[in-house]
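Letters go in sequence order (proteins before strands), and every chain restarts at 1.
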Protein chains: 2
Amino acid sequence: MTQSADIRRRLEEHGIQASAQRLAIAEYVLATDQHPAADTVLEVVAARLPVVSRATVYNTLHLFVEKGLLRELVLSEGRVVYDPKVEPHHHFVDEASGAIVDVPWDALRVEGVPELPGLDVSEFQVVLRGRRRSRRREG
Amino acid sequence: MTQSADIRRRLEEHGIQASAQRLAIAEYVLATDQHPAADTVLEVVAARLPVVSRATVYNTLHLFVEKGLLRELVLSEGRVVYDPKVEPHHHFVDEASGAIVDVPWDALRVEGVPELPGLDVSEFQVVLRGRRRSRRREG
DNA sequence: CCGAGGGTTAGACTTAGTCTAAGAACGATG
DNA sequence: CATCGTTCTTAGACTAAGTCTAACCCTCGG
């Protein structure tokens, strides 16, 4: 379990005191390439760790967000979702499945943001919607 | 009340049968330059019209969205919000107040969308966050 | 060993939204 | 004008996501 030690170090570097629950949550949510909701995190973590309460999952996710380990996304109706990739990037939402796909920052160019009158923009992203082309099924 | 007749016509053009409740809701939500939540719509409309139920407000908003009179936005935590401006544009969220500001489509240029591999993008927008510079208080 | 400060817990609570079953209004038809 | 079927509206029960609270339990320093 060097991975666990790794994660423990990461937490501590971010000023977060480790605990069994926080480690279990971190192991899942910091490593996934999905964009899980709090709900999902609770399910997944509860399966590993004997008992974790809902309050702890919410507390921990908020803590991770506050400490910059995680980013909170609200892309579609009623779904708050967590993204371990904290560096800037864009998001594509598949309308069929609801799946969220990361789009690398450099894949798009956005011009004109600094020129917006009256707005001090601290961050932005492009949110795209559509269908994922199925690339399977034809070699 | 030529405005009311106007709105009635707009509803009918979109295949929506008019009713007192729908007119009252439309009069507010199609004319505002804010981005009200369902909640707010209920409050505002209830103040004018003797009695409107929550179910009707939700039904009507969904109907308007379906018929293309309104667009649903989910920009920040737990807030589904309605925008009568249905043509493409971007959005700025003021972090201090939560206010949503429309950013005209032409104010920004986004390049690279058609080239995204594996994604059929049907729509997109830039979502910006930051502070609104206060332009008042100095003439 | 003790106490203080975090961390965790179950469960009550809140809020946004949906569902349901019943009633009211509408509009075509005789 | 009466009737009937369809559409619209309603109150209130229900659900789902998230927050709050008060008690409990670790752990670490003294």
Just the rounded figure in Å: distance from [atom2] of [N] to [atom1] of [X].
X: B:Leu61; N: C:dA16; atom1: CG; atom2: P; result: 14 Å
X: B:Leu49; N: C:dA25; atom1: CG; atom2: P; result: 13 Å
X: A:Ile16; N: C:dG6; atom1: CD1; atom2: C1'; result: 14 Å
X: B:Asn59; N: D:dA11; atom1: CG; atom2: C1'; result: 13 Å

Review point. So does B:Asp83 pair up with B:Arg71, basic N to acidic O under 4.0 Å?
Key: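 B:Arg71 and B:Asp83: not salt-bridged.
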Checking [Y] against [X]: is there a side-chain donor and acceptor pair closer than 3.5 Å?
X: A:Thr56; Y: A:Asn59; answer: no
X: A:His89; Y: A:Gln125; answer: no
X: A:Asp102; Y: A:His90; answer: no

Once rounded to the nearest 0.5 Å, what's the spacing between atom [atom1] of [X] and atom [atom2] of [Y]?
X: B:Arg129; Y: B:Leu75; atom1: CZ; atom2: CG; result: 6.5 Å
X: B:Leu108; Y: A:Leu116; atom1: CG; atom2: CG; result: 5.0 Å
X: B:Glu72; Y: B:Phe64; atom1: CD; atom2: CZ; result: 14.0 Å

Practice item. Name the nucleic acid region contacted by A:Thr56, choosing base, sugar-phosphate or nothing; use a 4.0 angstrom heavy-atom cut-off, strictly under. Key: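 Contact class for A:Thr56: base.
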**Study point:** Given C:dT9, C:dG7, D:dC8, the nucleotide with the shortest approach to the side chain of A:Arg22
**Key:**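 In terms of side-chain proximity for A:Arg22, the closest of C:dT9, C:dG7, D:dC8 is C:dG7.
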Practice item. Report yes if a side-chain nitrogen or oxygen of A:Gln21 is closer than 4.0 Å to either non-bridging phosphate oxygen (OP1 or OP2) of C:dG7; otherwise report no. Key: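 A:Gln21 to C:dG7 OP1/OP2: no side-chain N or O under 4.0 Å.
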Exercise for review: Report yes if a side-chain nitrogen or oxygen of B:Ser19 is closer than 4.0 Å to either non-bridging phosphate oxygen (OP1 or OP2) of D:dT9; otherwise report no.
Suggested key: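 Answer yes for this pair, as a side-chain N or O of B:Ser19 is under 4.0 Å from OP1 or OP2.
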Exercise for review: At under 4.0 Å between heavy atoms, which parts of nucleotides 12-24 of chain D does protein reach? Answer with one letter per nucleotide, 5' to 3': B base, S sugar-phosphate only, - none.
Suggested key: -B---SBBB----
Review point. Of all of residues 63-75 of chain B, which get a heavy atom below 4.0 angstrom from DNA chain C, listed by number?
Key: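 Contacting residues: none.
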Review point. Are A:Val74 and A:Tyr58 grouped together when hydrophobic residues (ILVMFWY) are joined by side-chain heavy atoms under 4.5 angstrom apart?
Key: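 The answer is no; the residues belong to distinct hydrophobic clusters.
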Exercise for review: Starting from the C-alpha separation in whole Å, work towards a yes-or-no answer on salt bridge (charged side-chain N to carboxylate O under 4.0 Å, His left out) for A:Asp120 and B:Arg131.
Suggested key: CA-CA 5 Å; A:Asp120 279 338; B:Arg131 305 249 153 191; over 6 Å; no
